[in-house]
J.: 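Dropping a structure here in structure tokens format, bear with me for questions.
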Amino acid sequence: MKQYLHKLFTHALLQAEISKDMVVEFRIERTRDARHGDFACNAAMVLAKAARMRPRDLAARIIEQLPTDEPSIAKVEIAGPGFINVFLTQQAYRAVIGDILTAQAAYGRSQVGAGQSVMIEFVSANPTGPLHVGHGRGAAYGAALANLLTAAGFNVHKEYYVNDAGRQMDILAVSVWLRYLELCGETVAFPSNAYQGDYVWDIAASLHREHGEALRQSANTVFKDIPADVDQGGDKELHIDALIERSQQLLGDASYRLVFQRALDVILEDIRHDLEQFGVVYEAWFSESSLSDTRAMDQLKAAGHTYMQDGALWFRSSAFGDEKDRVLVRENGQFTYFASDIAYHLNKLERGFDHLINIWGADHHGYVARVKAAMMALGADAERLTVLLVQFATLYRGKERLQMSTRSGEFVTLRELREEVGRDAARFFYIQRKSEQHLNFDLELAKSNSKNNPVYYIQYAHTRIAGVFRALSETNFVWHHDKARLERLESKYEQAVLVTLSRYPEVIEMAAETYEPHQLTYYLHDLAEVFHTFYDAPGHKVLIEDDELRNARLSLMAAVQQVLRNGLTIIGVSAPEVM
RNA sequence: GCGCCCGUAGCUCAGUCGAAUAGAGCGUUGGCCUCCGGAGCCAAAGGUCACAGGUUUGAGUCCUGUCGGGCGCGCCA
């Protein structure tokens, strides 16, 4: 509707020949106040200066050029400083029911994406332990955003980047092996920098079950001449690095690989399963270790964007807008995380996506400039990459703030959260706030079965409608949309529902353009609210003798149910028939 | 110190690339069940949009500064 009006006004402006060279940036907006009609156009105010006319005079000229026989427009008024207010006909609003019932799941989809390809990379947590509640927000946001962009006509590819190479994974492998040695009966001083969680024991136990003591070494041999850990007055980094090297020596390539791979496989499978249970699925899981070539770095070197200093290889990122230069290869010969990230982004670019979206935790915001710098240095347009930052979520149980610490393996996992509040509530709560906003996640509220809980409030609207259609089948009444006389939907309650239904496509488009799925959660709450108000309003019983009105109200309800289902599906929440 | 994000009702937050009288939920107070699911509905109270300037016909929204909160500033990931 909005787009349609925009076309009408654009045409009218051309007819009015107000200014030759204007590239018109006027807007059609929903009004806040019903007295201002349904939509307002600000064209006259925006163009007044260029046209050298007073806004209200200009508005009058524009209106002259609007078609007079347009069936969707009841009347047009000039108001306030020069708004052109458009009042739609009842007919225009009633048409939305037919649109919805015809399009069904496709109602609200748009073609603004025009089939452009978008790659969304999200979560991408290191496979060194289970996902925690912080990852959950990125997962819920990324999945909802992907659905939104799909609904807006983009071709979306979701990907999880698996950091299966590098030091953290080696630390995990050593952690598992040391736990395994403990299971064999060795006494081990477990390093402070190793992974402490119980899941490390589980992986070690599976190795012990399958391989017996084949991987056993004496603790004395393992720790002989290893630099002291931090609790012995040493350095925890040197301690763990030496243990990694020692483990590789003692186990040999094949056995070390066995431990490493087992740890990776078990944890990755756990993450994959966890996300699947959360309703988050990917097109691809991209392995960092598959990026073995050094082409990205070679390109940077060849283009003269790197230099050696203090034994390390540096990327001159400051020449591309970063605060300072960054190391690609450490003095000890190891590639930095940044180096592999550049390779990954080159790979993404080469795969030809029109647009790249990365969803990162807000603590990584300092990282954005350097990745964009690398893209520029590789000759790509940095605008092709959008990095969306997600703030952390703080869990509350009522008023009590829950402490989360990743130290000593005590954290609230995504799985625990899901098991406590359920998938629907978790998905909804995670995205109901703007992503760059801190999120207070109240477990009590998320679990409550009342209107206090927005998830239940919305789902209840869907369920109530399902209930009425169930009740219908137990009466002698039937629903025939063809026999519905929609002009009978004339009460303010029914009108409010129609107006809200007609907004849905605009909400999808806006939410997709701004990458803000939370707008959809607010919309769904609005829709549920106008529905509940209609349903509870005096004299608005649905299952009534009056054929025309009954069919009309049933059609209205079917339309509400369809839109609720469409919207809930996008944010990853179920639309239950019964609750 | 520098950079990024955020300051809107008692609390949690919306506010659509600047528009008309700033909205919702919770909480508080008061109403509504002979009626399709009351897991609901109706109503009231509650605001110097952190503060100060600026741009504009028009600013919660854009710009500058101040104050307050969060995060980041490694040859960690």
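Order of the sequence lines sets the chain letters (A, B, ...), proteins ahead of strands, with each chain counted from 1.
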J.: For rA19(B) and rC11(B), measure between their C1' atoms and round to the nearest Å.
T.: 30 Å
J.: Which nucleotide in the set rG25(B), rA39(B), rA20(B) lies at the smallest distance from any side-chain heavy atom of H525(A)?
T.: rG25(B)
J.: What nucleotide, of rA24(B), rC6(B), rA20(B), holds the atom closest to the side chain of Q437(A)?
T.: rC6(B)
J.: When Watson-Crick pairs (N1 to N3 and N6-O4 or O6-N4) and G-U wobble pairs (N1-O2 and O6-N3) count only below 3.5 Å on both distances, what is the dot-bracket string of RNA chain B, with | for other-strand pairs?
T.: (((((((..((((.....[...)))).(((((.......))))).....(((((..]....))))))))))))....
J.: Give me syn or anti for rC33(B), where syn covers glycosidic angles within 90 degrees of 0.
T.: syn
J.: Could you tell me how far apart D526(A) (CG) and rC41(B) (P) are, to the nearest whole angstrom?
T.: 13 Å
J.: Looking at K447(A), I want to see if its NZ is surrounded by more than 12 non-hydrogen atoms of other residues, nucleotides or ligands under 6.0 Å.
T.: yes
J.: I need the NE2-C1' distance between H6(A) and rU16(B), as an integer number of Å.
T.: 14 Å
J.: Please state whether the phosphate of rG15(B), meaning OP1 or OP2, lies under 4.0 angstrom from any side-chain nitrogen or oxygen of H518(A).
T.: yes
J.: Is any NZ, NE, NH1 or NH2 atom of the basic residue among E494(A) and R553(A) found under 4.0 Å from an Asp or Glu carboxylate oxygen of the other?
T.: yes
J.: What nucleic acid atoms does H540(A) come within less than 4.0 Å of, heavy atoms only: base, sugar-phosphate, or nothing?
T.: base
J.: Please report, rounded to the nearest Å, how far the P atom of rA24(B) is from the CD atom of Q519(A).
T.: 18 Å
J.: Determine, for D322(A) against R326(A), whether the closest basic-nitrogen to carboxylate-oxygen distance falls under 4.0 angstrom.
T.: yes
J.: For RNA chain B, what residues of residues 425-435 of chain A have any heavy atom nearer than 4.0 Å?
T.: R433(A), K434(A)
J.: What's the gap between rG30(B) and rG23(B) when it is taken at their C1' atoms, as a whole Å value?
T.: 23 Å
J.: Of the listed nucleotides (rU16(B), rA39(B), rA19(B)), which one gets closest to any side-chain atom of F83(A)?
T.: rA19(B)
J.: Would you measure the distance from the C1' atom in rA9(B) across to the matching atom in rC5(B) and give it in whole Å?
T.: 24 Å
J.: Check the surroundings of atom CD in E545(A): do more than 12 heavy atoms from other residues, nucleotides or ligands lie under 6.0 Å from it?
T.: no
J.: For residues M375(A) and F320(A), determine if any side-chain heavy atom of one lies less than 4.5 Å from a side-chain heavy atom of the other.
T.: no
J.: Applying a 4.0 Å non-hydrogen cut-off, can you work out what T463(A) is touching in the nucleic acid: base, sugar-phosphate, or nothing?
T.: base
J.: Return the minimal non-hydrogen interatomic distance between I571(A) and A144(A), and the atom names on each side.
T.: CA-CB, 4.2 Å
J.: Between D57(A) (CG) and rU57(B) (P), how many Å, whole number?
T.: 17 Å
J.: Between rG31(B) and rC13(B), how many Å separate the two C1' atoms, rounded to a whole number?
T.: 28 Å
J.: Before accepting this row, confirm whether a basic side-chain N of the pair D170(A)/R167(A) lies closer than 4.0 Å to the acidic partner's carboxylate O.
T.: no
J.: Sticking with atom P, work out how far rG69(B) lies from rU8(B), rounded to a whole angstrom.
T.: 14 Å
J.: To the nearest Å, give me how far apart CG (L445(A)) and C1' (rC11(B)) are.
T.: 12 Å
J.: Does R470(A) reach a base, just sugar-phosphate, or nothing at all? Heavy atoms under 4.0 Å.
T.: base
J.: Between T128(A) and Q168(A), do the side chains contain an N or O donor and an N or O acceptor separated by less than 3.5 Å?
T.: no
J.: Need to verify one output field. Residue with the more 5' nearest nucleotide on RNA chain B, R30(A) or K541(A)?
T.: R30(A)
J.: C1' atom, rC36(B) versus rU28(B): distance in rounded Å?
T.: 33 Å
J.: Roughly how many Å is it from CZ in F39(A) to P in rA19(B), rounded to a whole number?
T.: 16 Å
J.: Looking at every strand, decide which applies to N85(A) at a 4.0 Å heavy-atom threshold: base, sugar-phosphate, or nothing.
T.: base
J.: Determine the Euclidean distance between corresponding C1' atoms of rA22(B) and rG47(B); express it in Å to zero decimal places.
T.: 9 Å
J.: Can you measure M510(A) atom CE to rA14(B) atom C1' for me and round it to whole angstrom units?
T.: 14 Å
J.: Above 12 or not: heavy atoms from other molecules or residues under 6.0 Å from CD of E245(A)?
T.: no
J.: Look at all strands and tell whether E513(A) reaches a base, only sugar-phosphate, or nothing, counting heavy atoms closer than 4.0 Å.
T.: nothing
J.: Regarding E29(A) and N42(A), do their side chains bring together a donor and an acceptor under 3.5 Å, going by distance alone?
T.: no
J.: Do H438(A) and T394(A) pair up side chain to side chain, a donor and an acceptor below 3.5 Å, judged on atom types alone?
T.: no
J.: Between rC41(B) and rC35(B), how far is it from one C1' atom to the other, in whole Å?
T.: 14 Å
J.: Answer yes when D341(A) and R370(A) have at least one side-chain N-carboxylate O distance shorter than 4.0 Å, and no when they do not.
T.: no
J.: From the list rC36(B), rU16(B), rA39(B), which nucleotide is the closest neighbour of the side chain of K2(A)?
T.: rU16(B)
J.: Considering only rC41(B), rA19(B), rA14(B), which nucleotide approaches the side chain of H532(A) most closely?
T.: rC41(B)
J.: Assert yes or no for the condition that the ring centre distance of Y141(A) to F122(A) is strictly below 6.0 Å.
T.: no
J.: Any base atoms under 4.0 Å from A369(A), or only sugar-phosphate, or nothing? Heavy atoms, all strands.
T.: nothing
J.: Scan nucleotides 67-77 of chain B nucleotide by nucleotide, 5' to 3', and note B when protein non-hydrogen atoms come under 4.0 Å of the base, S if they reach only the sugar-phosphate, - if neither.
T.: ---SBSSSBSB
J.: Hey, are R464(A) and D536(A) close enough for a salt bridge, meaning a charged N less than 4.0 Å from a carboxylate O?
T.: yes
J.: Are any of N453(A)'s side-chain N or O atoms less than 4.0 Å away from OP1 or OP2 of rA39(B)?
T.: no
J.: Take the protein atom CZ of F531(A) and the nucleotide atom P of rC36(B), then report the distance between them rounded to whole Å.
T.: 14 Å
J.: Side chains of E509(A) and Y504(A): any donor to acceptor distance under 3.5 Å?
T.: no
J.: Y535(A) side chain N/O closer than 4.0 Å to the phosphate oxygens (OP1, OP2) of rA39(B)?
T.: no
